[in-house]
Structures are given as structure tokens and as C-alpha cells.
Number of protein chains: 2
Amino acid sequence: MSQESVPFDVFTAMCPSREVLEHVTSRWGVLTLAALSSEPARFGELRRRVDGISEKMLSQTLKALEGDGLVDRRVHSTLPPHVEYVLTPAGQQVAEAVQALIVSLYGVMPDVMRVRDGV
Amino acid sequence: MSQESVPFDVFTAMCPSREVLEHVTSRWGVLTLAALSSEPARFGELRRRVDGISEKMLSQTLKALEGDGLVDRRVHSTLPPHVEYVLTPAGQQVAEAVQALIVSLYGVMPDVMRVRDGV
DNA sequence: CTGTATCCGTAGGGATACTG
DNA sequence: CAGTATCCCTACGGATACAG
């Protein structure tokens, strides 16, 4: 698990990793990845897990993550259609990091609120 | 390091942790936090580290992170003015998680590019 | 159920000029 | 050096209606 040098640098504007970073850290990307890390889910279930997301944005977010190879879309052509979204192995790696980030925020929330309230 | 239950839930639209999450995962928030995690920096130095950021957005991002208690702004009232931005202990926790997220993306980039290119 | 299509407002963000 | 102030634009994202 050494931190070897990689041919990518997110600090450089033109690096392709920037685009993936923006998908992952987009408003709904973070929450969608985290919502999928517990277990796969269908469209409707995801909408319920990620409170406040619209159909449009969920659809758009899933497409972006799928295009990044982080999410797998599994279609069962039945009637009514049954579609399930699953994290790819790559997606699981990223989702775990996202989860850790969220947890780190929780740990910090009390401080945040103290600062906000000037206590 | 147990994952105990906390009174925050980022999946709920009204949870105050959402706002902090959005600051941290904003387009420039991620990069600014990561840029500060190596070592404190001044305004101009940050601009150089985070390739592509505008003065306006750097200023705005730093203010948000400062308001969240993640960044400390240290002013030395000299001429010319000398201002240094430092991560708070809380900010270091979050910045580490952000760093880990970025590294996880690097590990995934080859897959991403394979998917994109359809190889 | 699982989405797409359309309309539309807002605010995120870039460029530039200016100040202490 | 370290920002603020403006102008301005577009693209993110919400609401609604419709489709397979």
C-alpha cells in the first residue's frame, strides 16, 4: 500500500483524473456512491436513499459514474423492467474512500457548529 | 475507531452535515484542502498549487472552509501583508480523507480509461 | 417501474479591473 | 501581496409531463 508515483495529477487542470474527480465529488455523485456501497439498489430505491435527488439528476449521475467504470447497470428485461445498480470493484474502492470522508465529516460536525455559533 | 452512530445523516436533505459536505466536495474545495494538507500556504502559493482556480473562487472557497472550521487564516499585519492558510486539526482529518479519495481515484484511472476507450 | 424530454430559474464560476 | 467588486454567461439542477 505504498504511495508510489502515478502518471496522474489532479492538481493539473488538464489531467483526465480531474473529470472523474468532479463526477465523484459532484453534489449527487458522493451520495449516490455512498448509497450504493451498502448494497446494490434499483432506481426507485436509490431515490429514496438519497433524500432530495430528482429523477433527472439521479439518472444523469448514474450515467456519469457508469461511464467512469464505477457503477455497473444490470438490466433484467422483464415487465415491468427491473434494473439494478451495482458498484464495480473500482467503484467499491472509491466508495469506501467516500464513506471514510463522510465519517470524517461527522467527527468534525460538533467543531463546525461551535465555530458557526461562536461558542 | 469504531463506527458508532452519530446524530448526523448526510443522506437526509435537512441535515447540517450536507452543507459542509458540499463545501468540502465542491469543485475547488477538494483541491484546496488537498493542497493545504502537504503544508500551509499563502494565497499566491495556493493559486499556483491548484491549477486553474481563479482568485475569486480561491477566496470564496477559503472563506467557506474557514467558516466550517477546517481552515485557519493567519494574518501577519506587515507591509506587504502576509497571510497564511493552515488546516485546523479538524481540517487535517478531513483533508486526509480527501487525499485518500484522490489516491483511490488514481488507482482506478486505468480502468476508467479502458472503459472510456472500450478496450 | 424506469426512465426521457422540455422548460426554465438560479447560482456557480470566469474575466477583468481596482483597492489597501 | 492579498484580495474585493463587477459584469456576465452557461450549465447545473428542479419541476413537470410524457414514454416504453
Side-chain angles (χ1 to χ4, degrees), chain A residues 10-14 18-33 35-36 39-68 71-87, chain B residues 10-14 18-33 35-36 39-68 71-87:
Chain A
V10 88
F11 289 106
T12 304
M14 296 289 80
R18 271 259 176 117
E19 187 182 345
V20 179
L21 176 68
E22 303 206 342
H23 290 164
V24 169
T25 62
S26 69
R27 180 171 185 187
W28 301 113
V30 197
L31 295 174
T32 302
L33 280 173
L36 282 174
E39 56 178 344
R42 304 177 57 181
F43 193 86
E45 170 64 14
L46 275 177
R47 278 202 67 186
R48 265 168 267 125
R49 284 192 199 167
V50 183
D51 184 28
I53 195 171
S54 67
E55 291 182 346
K56 175 185 170 182
M57 291 318 297
L58 178 53
S59 173
Q60 190 172 302
T61 302
L62 285 169
K63 274 183 183 166
L65 296 177
E66 191 189 354
D68 293 337
V71 166
D72 192 13
R73 183 175 186 270
R74 296 193 173 150
V75 189
H76 306 251
S77 298
T78 57
L79 208 64
H82 181 107
V83 182
E84 198 167 43
Y85 293 92
V86 192
L87 290 177
Chain B
V10 88
F11 289 105
T12 303
M14 296 289 79
R18 272 255 178 121
E19 187 183 345
V20 179
L21 176 67
E22 303 205 342
H23 290 163
V24 168
T25 63
S26 69
R27 179 169 187 189
W28 301 114
V30 197
L31 296 174
T32 302
L33 280 172
L36 281 174
E39 57 179 344
R42 305 177 58 180
F43 193 87
E45 169 63 14
L46 275 177
R47 278 202 67 187
R48 266 169 267 125
R49 285 192 199 168
V50 183
D51 184 29
I53 196 170
S54 66
E55 291 183 347
K56 175 184 170 183
M57 291 318 298
L58 178 54
S59 172
Q60 190 172 304
T61 301
L62 285 169
K63 273 182 185 166
L65 296 178
E66 191 188 355
D68 293 337
V71 166
D72 191 14
R73 183 175 187 270
R74 297 195 172 146
V75 189
H76 306 251
S77 298
T78 56
L79 211 62
H82 181 108
V83 182
E84 199 167 41
Y85 293 92
V86 191
L87 291 176

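We name chains A, B, ... by the order of the sequence lines, and we start the count at 1 in each one.
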Would you compute the distance between atom CG of B:Leu31 and atom CD of A:Glu22 and round it to the nearest 0.5 angstrom?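 Between atom CG of B:Leu31 and atom CD of A:Glu22 there are 7.5 Å.
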Judged by atom type as modelled, is there a donor-acceptor pair below 3.5 Å linking the side chain of [X] to the main-chain atoms of [Y]?
X	Y	value
B:Asp51	A:Ala13	yes
A:Arg18	A:Phe11	yes
A:Thr25	A:Leu21	yes

Closest-nucleotide 5' rank along DNA chain D - winner of A:Met57 and A:Pro80: A:Met57
What's the [atom1]-[atom2] distance between [X] and [N], to the nearest Å?
X	N	atom1	atom2	value
B:Leu79	C:dG20	CG	P	13 Å
A:Asp51	D:dG14	CG	C1'	14 Å
B:Leu58	C:dT16	CG	P	18 Å
A:Gln60	D:dA15	CD	P	15 Å
A:His23	D:dG13	NE2	P	11 Å
A:Arg47	D:dG13	CZ	P	16 Å

Out of A:Arg42, A:Arg48, A:Arg47, which residue meets the salt bridge (Lys or Arg N to Asp or Glu O under 4.0 Å) rule with A:Glu45? A:Arg48
Do B:Lys63 and B:Glu66 meet the salt-bridge criterion of a basic N to acidic O distance under 4.0 Å?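 Salt bridge between B:Glu66 and B:Lys63, a charged N being under 4.0 Å from a carboxylate O: no.
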Identify the two heavy atoms, one from A:Ala35 and one from A:Arg49, that lie closest to each other, and give their separation to 0.1 Å.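 Heavy atoms of A:Ala35 and A:Arg49 come nearest at O-NH1, 2.5 Å.
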Atom of B:Arg73, atom of B:Val75 and distance for their closest heavy-atom approach: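 Answer, listing the atom of B:Arg73 first, then B:Val75: NH1-CG2, 3.3 Å.
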Collect all protein-nucleotide pairs involving nucleotides 2-8 of chain C in which both atoms are nitrogen or oxygen and the distance is under 3.5 Å.
residue, atom, partner, partner atom, Å
C:dT2, OP1, A:Arg42, NE, 2.6
C:dT2, OP1, A:Arg42, NH2, 2.6
C:dT2, OP2, A:Gly44, N, 3.2
C:dG3, OP1, A:Arg73, NE, 3.3
C:dG3, OP1, A:Arg73, NH2, 2.2
C:dG3, OP1, A:Tyr85, OH, 3.4
C:dG3, OP2, A:Tyr85, OH, 2.6
C:dG3, N7, A:Glu55, OE1, 3.4
C:dG3, O6, A:Glu55, OE1, 3.4
C:dT4, OP1, A:Lys63, NZ, 2.6
C:dT4, OP2, A:Ser59, OG, 2.7
C:dT4, O4, A:Glu55, OE1, 3.2

Among A:Gln60, A:His23, A:Met57, which residue satisfies the side-chain contact (heavy atoms from CB on, under 4.5 Å) criterion with A:Trp28?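 For A:Trp28, the side-chain contact (heavy atoms from CB on, under 4.5 Å) check succeeds only for A:Met57.
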Looking at five pairs on each end of the helix from C:dC1-D:dG20 to C:dG20-D:dC1, what is the angle between the two axes, given to 10 degrees?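 Both end axes considered, the difference amounts to 50°.
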Would you say D:dA11 has OP1 or OP2 under 4.0 Å from some side-chain N or O of A:Arg27?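 It does not, given that no N or O in the side chain of A:Arg27 lies less than 4.0 Å from OP1 or OP2 of D:dA11.
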